[in-house]
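Only heavy atoms go into these numbers, but all of them, side chains included; no hydrogens, no water, no symmetry mates. Order of the sequence lines sets the chain letters (A, B, ...), proteins ahead of strands, with each chain counted from 1.
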Number of protein chains: 2
Amino acid sequence: MAQATIRDVAKKAEVSVASVSRALNGHTNVRSELKERVETAARELGYFPHAGARSLSMARAHAIGVMLPDLHGEFFSEVVRGMDREASGRGLQLLLSNMHANPDQAAEALRTMRGRVDGLIVMAPDIDTDTLLQHMPATLPAVFINCHGDAQGRAELRVDNFAAAAEMVAHLVETGRRNIVHLSGSAGNREADERERGYREAMRKAGLEPRVICGNFTETGGAEAAAAIIEDQKPTDAVFAANDMMAIGAMVAFRDAGIGVPQQIAVAGFDDVPLARLISPGLTTMRVNIADIGARALARLADMIDGRDDSEVECLRPELIVRQTTS
Amino acid sequence: MAQATIRDVAKKAEVSVASVSRALNGHTNVRSELKERVETAARELGYFPHAGARSLSMARAHAIGVMLPDLHGEFFSEVVRGMDREASGRGLQLLLSNMHANPDQAAEALRTMRGRVDGLIVMAPDIDTDTLLQHMPATLPAVFINCHGDAQGRAELRVDNFAAAAEMVAHLVETGRRNIVHLSGSAGNREADERERGYREAMRKAGLEPRVICGNFTETGGAEAAAAIIEDQKPTDAVFAANDMMAIGAMVAFRDAGIGVPQQIAVAGFDDVPLARLISPGLTTMRVNIADIGARALARLADMIDGRDDSEVECLRPELIVRQTTS
DNA sequence: CTGTTAGCGCTTTCAT
DNA sequence: ATGAAAGCGCTAACAG
């Protein structure tokens with residue numbers, strides 16, 4: 001036998017479907033005797049309301065669509081955890097869609113969200129925002145995280161890579177470093193560019209000469225850069241890598257070459273991956289609070305769904321984590 | 001203006017809604033001239049089909065409900081990644097629900113899944129399966145992962161924690177360890193219990209005295225346990241933690257205390273989270289292929305939804321990964 | 001307080 | 001090949 005419907009319950013309790021609906025949804029205008037009869041009938045039939053039908057009728061899905069790229073490890077779980085933190089309190093569920101950097105797949109996923117969710121959180125650093133917007137209803141509330149391109153007035157959330165990188169440089173300068181080399185991230189990557197820009201700006205402000213070595217966000221790249229620095233022989237007392245993995249690669253390479261970290265060369269990264277505090281010496285880095293990004297995105301989206309307009313571009317500021325001290 | 005509906009498209013294209021439905025869903029019995037008219041109208045109106053209405057009408061949601069406990073980090077992302085791997089190819093989306101070890105919340109989450117998903121994957125090590133079953137439609141296909149209690153003939157997937165833990169202990173004994181302490185997981189957690197049972201059994205078999213410190217699956221817990229071991233001064237040459245994060249916490253604590261790992265104390269974990277091989281020294285552990293669990297659960301569920309019966313209890317056996325050698 | 005009825009937006013017979 | 005109409009399971013006026 002198929003699942004019991006509200007009509008089956010109504011028949012069994014000898015009332016109308018409207019009364020069943022009222023009774024089960026805790027409306028006050030139902031005699032308690034009737035309410036009890038309905039509850040008994042529902043229990044006996046193993047009845048569960050059909051959330052799909054419910055949301056069609058109420059024009060409210062109580063779900064948020066979440067589009068994420070093929071994220072690895074911590075990052076993925078943290079961002080989802082942050083969303084969940086805000087969602088569960090609001091009675092919202094998360095409909096997940098990983099899009100594997102494939103625009104067609106992403107478009108398809110976006111389309112199938114319509115009518116199942118009340119809003120969308122989209123994180124698609126590799127896909128042009130324009131393309132995405134073409135595949136989602138214009139009236140569907142949405143928040144874009146670190147998007148690529150013009151969000152056309154949609155709500156946005158991004159990480160303030162520029163300011164954060166500048167803050168790191170300022171910190172290094174403050175602790176007496178002068179010859180600070182920047183290991184940049186992959187060319188063309190938006191985050192990498194912003195971090196480099198922050199570095200250059202802060203160096204300029206401090207009256208120091210910038211020196212940039214091109215990297216690629218990998219541990220190996222960090223090691224190679226370290227080798228180049230050693231080879232080069234130019235005076236260097238700090239390396240600021242565009243992410244932690246490069247920083248770690250460089251740090252290990254320096255250590256292997258007998259260079260004291262941080263005594264001779266301080267090494268700083270960006271992200272605060274878990275490994276950053278587990279390695280020794282700890283890595284000074286900028287903590288991007290990933291869970292907060294998810295939480296914030298969801299909170300804003302929930303507000304939009306409740307009718308509050310929002311087309312702001314909000315910037316989350318990473319936090320400086322000092323783990324290398326030259327005492 | 002609200003979102004365009006199929007009726008708006010029909011009106012604009014001057015055809016019936018039935019034709020619009022047929023045209024847009026690629027049915028063959030539509031004149032191409034008409035089909036084109038419909039597509040144009042849809043485009044001009046910015047029409048996107050309402051997936052919710054669609055699934056009500058077709059009695060098929062093309063979504064899977066996923067109930068997970070409040071998993072930390074890697075584990076969470078890996079299991080979801082595995083599910084996604086199988087789901088996206090089948091055109092299924094994942095509706096996520098984290099239940100925070102709270103049975104009431106879990107029950108509520110389960111109820112709201114009815115009518116939005118075609119099946120359920122439930123992983124709730126802390127909650128009695130009986131309770132869970134009471135809150136889900138009897139006819140809804142479901143796969144239980146590592147559930148706690150009698151699944152009453154429902155499809156099950158579990159990890160052979162008992163045998164795996166025993167294998168780890170045997171390995172430690174084989175490499176000369178004798179005073180092996182077990183850091184247990186959260187009390188009442190089924191996996192934790194099974195791993196402890198495997199430990200005790202293997203110790204008994206080896207004629208060794210078991211020693212268990214209660215943990216909680218967290219890195220901090222591991223660190224605290226290590227402190228207790230150091231404090232305690234009882235001879236200890238190996239620590240087998242019920243999961244990797246505790247093992248890592250303990251390892252770092254030992255290192256900070258100047259204790260050689262693995263020379264003085266070998267540390268072993270369970271799970272093989274990605275971090276386990278990045279940390280130094282590497283962590284000897286039991287590899288639970290987490291992504292595979294998710295993938296397997298989803299594959300079985302998809303089969304059930306397609307009508308294939310399944311009430312099997314499938315056991316996945318973790319694999320020993322040796323990274324610490326005492327040479 | 002309770003029942004009747006008209007949708008929510010779509011698919012799918014059943015006619016034509 | 002196309003249209004009219006009857007649902008899918010529920011909620012929400014609108015009457016009484």
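- Under a 3.5 Å cut-off, the side chain of Ser311(B) and the backbone N or O of Arg154(B) do not form any donor-acceptor pair.
- Residue Lys11(B) places its NZ atom among 12 or fewer non-hydrogen atoms of other residues, nucleotides or ligands, all under 6.0 Å distant.
- A rotation axis mapping the C1' atoms of four pairs onto the next four is fitted at both ends of the helix from dC1(C)-dG16(D) to dT16(C)-dA1(D) over five pairs, and the angle between these axes is 40° to 10 degrees.
- Residues Glu33(B) and Val20(A) each lie close to DNA chain D; by heavy-atom proximity, the contact nearer the 5' end of the strand is made by Glu33(B).
- Under a 4.0 Å N-O distance rule, the pair Arg111(B)/Glu108(B) does not qualify as a salt bridge.
- For Asn29(A), the CG atom sits in a packed shell: over 12 heavy atoms of surrounding residues, nucleotides or ligands are nearer than 6.0 Å.
- Comment: Arg37(B) engages Glu33(B) in a salt bridge, judged by a side-chain N to carboxylate O separation of less than 4.0 angstrom.
- By the 4.0 Å N-to-carboxylate-O rule, Asp292(B) lies close enough to Arg85(B) to be salt-bridged with it.
- With 3.5 Å as the limit, one finds no donor-acceptor pair spanning the side chains of Asn289(A) and Glu78(A).
- Each of Val66(A), Leu95(A), Ile64(A), Leu94(A) was scored for a side chain to side chain contact (heavy atoms under 4.5 Å, CB included) with Val117(A), with one residue passing: Leu95(A).
- By the 6.0 Å contact criterion, CD on Gln134(A) is enclosed, its count of non-hydrogen atoms from other residues, nucleotides or ligands being greater than 12.
- Scanning DNA chain D 5' to 3' for nucleotides with an atom closer than 4.0 angstrom to a non-hydrogen atom of chain A gives a first and last hit of dC8(D) to dA13(D).
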Strictly under 3.5 Å: I want the nitrogen or oxygen pairs between protein and nucleotides 8-10 of chain C, one per line.
residue, atom, partner, partner atom, Å
dC8(C), O2, Ser57(A), N, 3.3
dG9(C), N2, Ala53(B), O, 3.4
dC10(C), OP1, Tyr47(B), OH, 2.5
dC10(C), OP1, His50(B), N, 3.0
dC10(C), OP2, Ile6(B), N, 2.3
dC10(C), O2, Ser57(B), OG, 3.4

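- Phosphate contact (OP1/OP2 of dT2(C), side-chain N/O of Arg22(A), threshold under 4.0 Å): absent.
- Rounded to an integer number of Å, the gap from His27(A) NE2 to dG3(C) P is 15 Å.
- Between Arg300(B) and Glu314(B) there is a salt bridge, with a side-chain nitrogen of the basic residue lying less than 4.0 Å from a carboxylate oxygen of the acidic one.
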